[in-house]
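Below, chains carry the letters A, B, ... as their sequence lines are ordered, and counting in each starts from 1.
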Amino acid sequence: MDNHAIAETLEEIATLLELSGENPFKVRAYANGARALETLTEDLDTLIAQGKLKGHQGIGQGLADAITQLRQEGKLAFLEELRASLPPGLMEILKIPGLGPKKVRALWQLLEITDLVKLTEACESGRVAELKGFGAKTQDNILAGIRNREAYGRRHLWLGVQSIVGGILTGLRALPDVERAEAAGSFRRARETVGDLDFIVASENPKPIMDWFVAQSGVQEVTAHGETKSSVRLADGLQADLRVVPAEQFFFALHHFTGSKDHNVAMRQRALSRGLSMSEWGLTPKDPKAKVPVAASEEDVFRALGLDWIPPELREGQGEIEAAESGKLPHLVRYEDIRGCFHNHTTASDGRATLEQMTAAAEAEGWEYFSIADHSRSSAYANGLDEARLLAQIDEIAKLNASGRFKVRVLSGSEVDILKDGSLDFDDALLAKLDVVVASVHAAMTLDEDAMTARIIRALEHPRVHILGHLTGRLLLEREPYRVNIAKIVDCAAANSKCIELNTNPRRLDMDWSHWRRAAEKGVLCAINPDAHRTEQFVFVRAGTFQARKGWLTADQVLNTKPLAELQRWLRR
DNA sequence: GCCGTTTTCGGCCCGACTGTTTTCAGTCG
């Protein structure tokens with residue numbers, strides 16, 4: 001099993017234990033272990049061999065043993081027993097909003113409900129409402145939850161919800177009683193996908209704000225409408241929560257609901273160690289005579305705990321608090337630092353805009369340079385260029401640059417296919433004529449991990465390759481990543497001074513933010529690339545810069561921040 | 001199950017809302 005599969009298995013154990021009525025802290029330990037594994041940056045086999053798995057945050061002896069066994073044998077005896085002891089259909093029932101482990105257990109034990117079909121029947125016949133702790137309302141909510149389970153479970157691409165967030169914020173800020181309004185949650189942290197939206201408002205008069213929020217156009221269902229908190233369902237099952245707090249609590253609440261969970265836990269622990277209790281309401285000293293900290297900004301919240309302000313993108317519980325304590329937070333890259341990008345398509349392959357249209361749009365972005373990297377011949381589905389067409393395009397780009405019609409410098413390139421054996425789709429003589437070579441996998445995605453890793457490493461070691469394109473091939477919410485050892489690819493890129501792409505197509509965001517910090521520490525450069533197939537997609541660079549920030553990247557760790565002359569020296573070296 | 005310059009046992013973040021209750025359990029984030 002690879003890291004991801006093992007993490008999913010640990011999640012499954014956590015859920016099964018929860019349904020068994022196990023100690024909730026034990027349940028949490030497995031869930032924490034799964035997260036620790038997902039964000040592991042070292043090679044798992046190396047850690048196991050060196051006996052260093054235990055000692056990682058959240059991984060003790062028990063989890064280290066379980067992970068080792070899953071990695072080496074692919075199975076775990078106590079998991080088999082656990083699975084056998086519970087009806088498999090309970091897992092689906094647990095996903096219905098409003099049903100947690102206690103209620104699912106009650107349904108199972110008292111009504112012998114073991115799947116969604118039986119649950120639906122029991123609700124329709126009114127038997128669920130008769131159970132202790134249930135009622136008519138709960139029964140109705142379960143039926144609604146079953147009907148809408150697909151939509152409610154879906155996450156949403158960050159860029160896809162951006163305009164919705166903007167619209168709601170504009171609406172809130174226009175209300176007379178609103179002093180401040182911000183979006184919080186995973187949207188503010190720029191997670192690649194967003195489960196629901198969180199809004200925080202400062203006001204002394206919450207009621208009209210709550211009333212506006214639940215009555216907005218686009219609201220399909222009101223799931224909560226309280227004095228300080230309301231929740232609604234928007235289109236596609238997207239949930240939006242609003243919390244209204246007094247102005248003096250605003251920045252504590254904004255921090256709290258920005259999260260992440262891991263970050264907040266670490267912050268609360270830090271507060272406790274300094275004699276303070278932390279919640280969304282503020283910081284309360286254990287000593288009633290001590291001064292109560294106030295916050296007129298989010299900086300004040302961090303300052304009260306002896307920390308520098310931590311950008312929301314970094315708040316994932318990945319060491320940001322330690323860095324903020326010692327003044328070692330990185331000076332993160334900003335969109336203003338970007339001078340161009342390297343992976344764009346035209347109508348020559350599968351793009352929707354011509355070379356000239358793309359160039360005009362790049363100039364409008366204010367960029368110094370950008371490179372065309374159309375598909376190569378093996379990507380026939382995308383109208384990949386053969387040698388003759390690529391030579392013609394190189395010539396066309398040279399003429400466009402010579403014409404002086406645009407200030408932006410167009411670099412010629414190719415998104416050359418990495419073939420199944422790791423060789424490239426064009427010969428060395430042709431590659432040598434290009435300014436930029438991006439190498440990507442587009443076919444034979446089902447190789448096993450060792451074969452895929454060896455394939456990509458062979459391509460990356462090719463002296464003509466500058467940038468590795470979309471490393472894992474994942475499509476968020478659609479397609480799993482290829483099986484590939486990212487740690488080994490990163491090491492290879494570092495050893496050969498190659499650049500890895502951060503593909504900022506909102507469905508890709510690949511390589512993922514969680515790997516960049518370690519990659520950059522090893523000296524691997526990042527190329528923030530839109531993979532634009534039309535001019536409007538240059539905006540991906542803007543949105544994708546948040547992902548680079550999430551990966552702790554500074555401007556000098558990003559290839560696109562180099563001035564043209566320096567860039568050309570790097571490309572030709 | 002994890003963790004520990006007070007701890008190897010006894011903690012483990014905290015609060016709002018709903019629905020079912022007459023004071024609170026369960027769920028959610």
Side-chain angles (χ1 to χ4, degrees), chain A residues 10 13-14 16-36 53-67 78 93-107 128-142 144-145 152 184-189 191 194-200 206 210 214 222-232 239-245 249 252-253 255-273 276-284 317:
Chain A
L10 296 181
I13 293 172
L16 291 170
L17 289 175
E18 208 173 13
L19 286 169
S20 314
E22 253 291 2
N23 173 3
F25 297 106
K26 187 167 166 180
V27 172
R28 191 191 294 171
Y30 276 94
N32 286 343
R35 251 201 323 277
L53 194 50
K54 179 186 169 188
H56 262 73
Q57 182 66 37
I59 300 180
Q61 190 62 56
L63 277 167
D65 288 347
I67 292 167
F78 98 93
I93 297 178
L94 190 61
K95 290 181 191 159
I96 304 296
L99 290 183
K102 298 270 172 54
K103 283 201 156 75
V104 173
R105 252 183 99 74
L107 290 167
V128 168
E130 293 165 6
L131 286 182
K132 187 171 186 295
F134 292 73
K137 200 71 193 283
T138 304
Q139 185 170 271
D140 290 348
N141 287 343
I142 292 173
Y152 287 3
S186 51
F187 177 82
R188 184 164 182 241
R189 298 201 314 279
R191 285 297 297 228
V194 175
D196 48 29
L197 307 178
D198 295 278
F199 296 92
I200 311 297
M210 289 293 163
V214 300
V222 178
T223 52
H225 188 179
E227 285 176 31
T228 64
K229 185 199 163 187
S230 290
S231 295
V232 297
Q239 178 172 313
D241 296 343
L242 170 67
R243 289 175 176 82
V244 181
V245 299
Q249 284 160 9
F252 291 107
H255 171 264
H256 177 88
F257 291 108
T258 295
S260 65
K261 209 169 192 173
D262 291 346
H263 171 86
N264 283 359
V265 167
M267 287 286 278
R268 287 202 205 93
Q269 283 167 349
R270 182 176 177 86
L272 281 175
S273 73
L276 295 161
S277 170
M278 186 174 201
S279 78
E280 64 262 50
W281 292 106
L283 284 160
T284 314

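Rounding to whole angstrom units, CD of residue A/Glu130 and C1' of B/dG19 are separated by 17 Å. Nucleotide B/dG11 holds its C1' atom 11 Å from the CZ atom of A/Arg28, rounded to whole Å. Between the CE atom of A/Met267 and the C1' atom of B/dG15 there is a distance of 18 Å, given to the nearest Å. A/Leu242 places its CG atom 11 Å from the P atom of B/dC17, with the value rounded to the nearest Å. Between the NE2 atom of A/His225 and the P atom of B/dT18 there is a distance of 9 Å, given to the nearest Å. Distance, A/Gln249 CD to B/dA16 C1': 13 Å, rounded to whole Å. Atom-to-atom, CG of A/Leu276 to P of B/dC14 comes out at 12 Å; the value is rounded to the nearest Å. Between the P atom of B/dC3 and the CD atom of A/Gln269 lies a distance of 11 Å, rounded to the nearest Å.
B/dC28 and B/dT23: their P atoms are spaced 25 Å apart (whole Å). With C1' as the reference atom, B/dC2 and B/dC13 are 16 Å apart, rounded to whole Å. For the C1' atom pair drawn from B/dT20 and B/dA25, the interatomic distance equals 9 Å after rounding to whole Å. A gap of 15 Å separates the P atoms of B/dT7 and B/dG11, to the nearest Å. Here, B/dG29 and B/dT22 have their C1' atoms 28 Å apart, quoted to the whole Å. For B/dG1 and B/dT5, the P atoms lie 23 Å apart once the distance is rounded to whole Å. Separating the C1' atom of B/dT21 from that of B/dG26 is a span of 12 Å, rounded to the nearest Å.
Residue A/Met278 is classed as a sugar-phosphate contact, given heavy-atom separations below 4.0 Å to backbone atoms only. Using a 4.0 Å heavy-atom distance criterion, A/Thr228 is classed as a sugar-phosphate-only contact. Here A/Asn141 lies in heavy-atom contact (under 4.0 Å) with sugar-phosphate atoms only. Within the nucleic acid shown, A/His56 comes within 4.0 Å of sugar-phosphate atoms alone, with no base atom in reach, counting heavy atoms only.
Contact between A/Val128 and A/Phe134 at its shortest, heavy atoms only, is O-CB, 3.2 Å. The shortest non-hydrogen separation linking A/Gln239 to A/Ser231 is NE2-OG, 4.1 Å.
You'll find the side chain of A/Met267 reaches within 4.5 Å of the side chain of A/His255, heavy atoms only. Under the 4.5 Å side-chain criterion, counting only non-hydrogen atoms from C-beta, A/Ile67 is in contact with A/Leu10. A heavy-atom distance below 4.5 Å is found between the side chains of A/Leu283 and A/Phe252. Contact check for A/Thr138 versus A/Leu131: no side-chain heavy atoms found under the 4.5 Å cut-off. The shortest distance between side-chain heavy atoms of A/His256 and A/Arg243 does not fall below 4.5 Å. With contacts defined as side-chain heavy-atom distances shorter than 4.5 Å, the pair A/Leu19/A/Val104 qualifies.
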Are any protein N/O atoms closer than 3.5 Å to N/O atoms in nucleotides 20-29 of chain B? If there are, list each pair with its distance.
| residue | atom | partner | partner atom | Å |
| --- | --- | --- | --- | --- |
| B/dT20 | OP1 | A/Gly135 | N | 2.6 |
| B/dT20 | OP1 | A/Gly135 | O | 3.1 |
| B/dT20 | OP1 | A/Ala136 | N | 3.3 |
| B/dT20 | OP1 | A/Thr138 | N | 3.3 |
| B/dT20 | OP1 | A/Thr138 | OG1 | 3.0 |
| B/dT27 | OP1 | A/Gly100 | N | 2.7 |
| B/dT27 | OP1 | A/Gly100 | O | 2.9 |
| B/dT27 | OP1 | A/Lys103 | N | 2.9 |
| B/dT27 | OP2 | A/Lys102 | N | 3.3 |
| B/dT27 | O5' | A/Gly100 | N | 3.4 |
| B/dC28 | OP1 | A/Gly98 | N | 2.6 |

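Applying the Watson-Crick and G-U wobble criteria (two distances, each under 3.5 Å), B/dT18 pairs with B/dA25.
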